Amino acid sequence: MEQKFIAAWSKAREEAGKLGVRMRPVADADAMKAAHRYLSGNRESDGFFALADVKRLDLSLEDLATDKRFTALFTDEEANTALMRLLDAGFYK
């Protein structure tokens, strides 16, 4: 499941780049650690606000963390943090 998440996050970052949203590259070996760090911290993931500006928060780490395919990879607190960030930005699925 981790490998599928890592691939999905990498693809999302690639799509964001095509939209002109610059995001820091994340090595596959560090992806889960980085995802947990973003979701347990006080600031949004890299590119979150730029994605919100182009109305593509579906490409954010926060959206992936709330995707039912990947919720088992995150704590309830991390998933809730991701959901609140999305809702606060006006993103509803």
Side-chain angles (χ1 to χ4, degrees):
M1 184 183 312
E2 282 187 16
Q3 290 305 316
K4 287 183 180 182
F5 169 79
I6 292 167
W9 194 20
S10 178
K11 183 178 178 184
R13 287 193 313 275
E14 185 179 314
E15 287 296 313
K18 291 176 184 176
L19 296 171
V21 175
R22 297 183 54 136
M23 301 168 98
R24 291 182 198 117
V26 177
D28 287 356
D30 298 326
M32 291 308 302
K33 183 190 244 184
H36 289 294
R37 186 175 57 247
Y38 277 125
L39 295 173
S40 63
N42 291 328
R43 48 178 264 203
E44 290 74 7
S45 66
D46 194 33
F48 183 87
F49 292 110
L51 289 170
D53 287 344
V54 295
K55 301 196 182 332
R56 289 302 309 268
L57 282 172
D58 60 301
L59 299 175
S60 69
L61 166 63
E62 286 80 357
D63 186 60
L64 284 173
T66 60
D67 186 313
K68 65 182 176 180
R69 297 175 297 166
F70 305 123
T71 54
L73 296 173
F74 300 99
T75 66
D76 287 345
E77 185 175 310
E78 290 168 335
N80 286 335
T81 295
L83 180 60
M84 291 309 299
R85 289 175 185 171
L86 291 167
L87 293 174
D88 287 347
F91 181 75
Y92 306 96
K93 286 187 181 186

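Nothing here was measured: the structure is a model prediction, and the numbers come from that model.
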To the nearest 0.5 Å, atom CG of L57 lies from atom OH of Y92 at 11.5 Å
In this structure, would M32 and V26 fall into the same cluster of hydrophobic residues linked by side-chain contacts under 4.5 Å? yes
Cluster check W9, M1: I/L/V/M/F/W/Y, side chain < 4.5 angstrom: yes
Between L86 and S60, which heavy-atom pair has the shortest distance, and what is it? CD2-OG, 3.8 Å
Are V54 and F48 connected in the hydrophobic side-chain network, where two residues link if heavy atoms are under 4.5 Å apart? yes
Reported CG-to-CG distance for the pair N80 and D76, which is rounded to 0.5 angstrom: 6.0 Å
Identify the heavy atoms of I6 and A31 that sit nearest to each other, and give their distance. CG1-CB, 3.7 Å
Nearest heavy-atom contact between A65 and T71 is O-CG2, 3.6 Å
Does R22 form a side chain to side chain contact (heavy atoms under 4.5 Å, CB included) with D46? I'd like the steps, not just the answer. CA-CA 8 Å; R22 297 183 54 136; D46 194 33; over 6 Å; no
Under 3.5 Å: donor-acceptor pair, side chain of T81, backbone of E77: yes
Flag side-chain contact, heavy atom, 4.5 Å: T66 against F74: no
Worked verdict on F70 versus K4 for side chain to side chain contact (heavy atoms under 4.5 Å, CB included): CA-CA 9 Å; F70 305 123; K4 287 183 180 182; 4.0 Å; yes
Taking every heavy atom of Y38 against every heavy atom of R24, the minimum-distance pair comes out as OH-NH1, 3.5 Å
Inspect the contact between K18 and E15 and indicate whether a charged nitrogen and a carboxylate oxygen are less than 4.0 angstrom apart. yes
With a 4.5 Å heavy-atom cut-off, do D63 and D58 have their side chains touching? yes
Has the side chain of R85 got a donor or acceptor atom that lies under 3.5 Å from a matching backbone atom of R43? yes
Spell out, yes or no, whether F5 and L59 are grouped together once hydrophobic residues are joined by side-chain heavy atoms under 4.5 Å, including indirect joins. no
Inter-residue atom distance L61.CG - E44.CD, 0.5 Å rounding: 11.0 Å
If Ile, Leu, Val, Met, Phe, Trp and Tyr residues are connected whenever their side-chain heavy atoms lie under 4.5 Å apart, and connections chain through other members, are F49 and L51 in the same group? yes
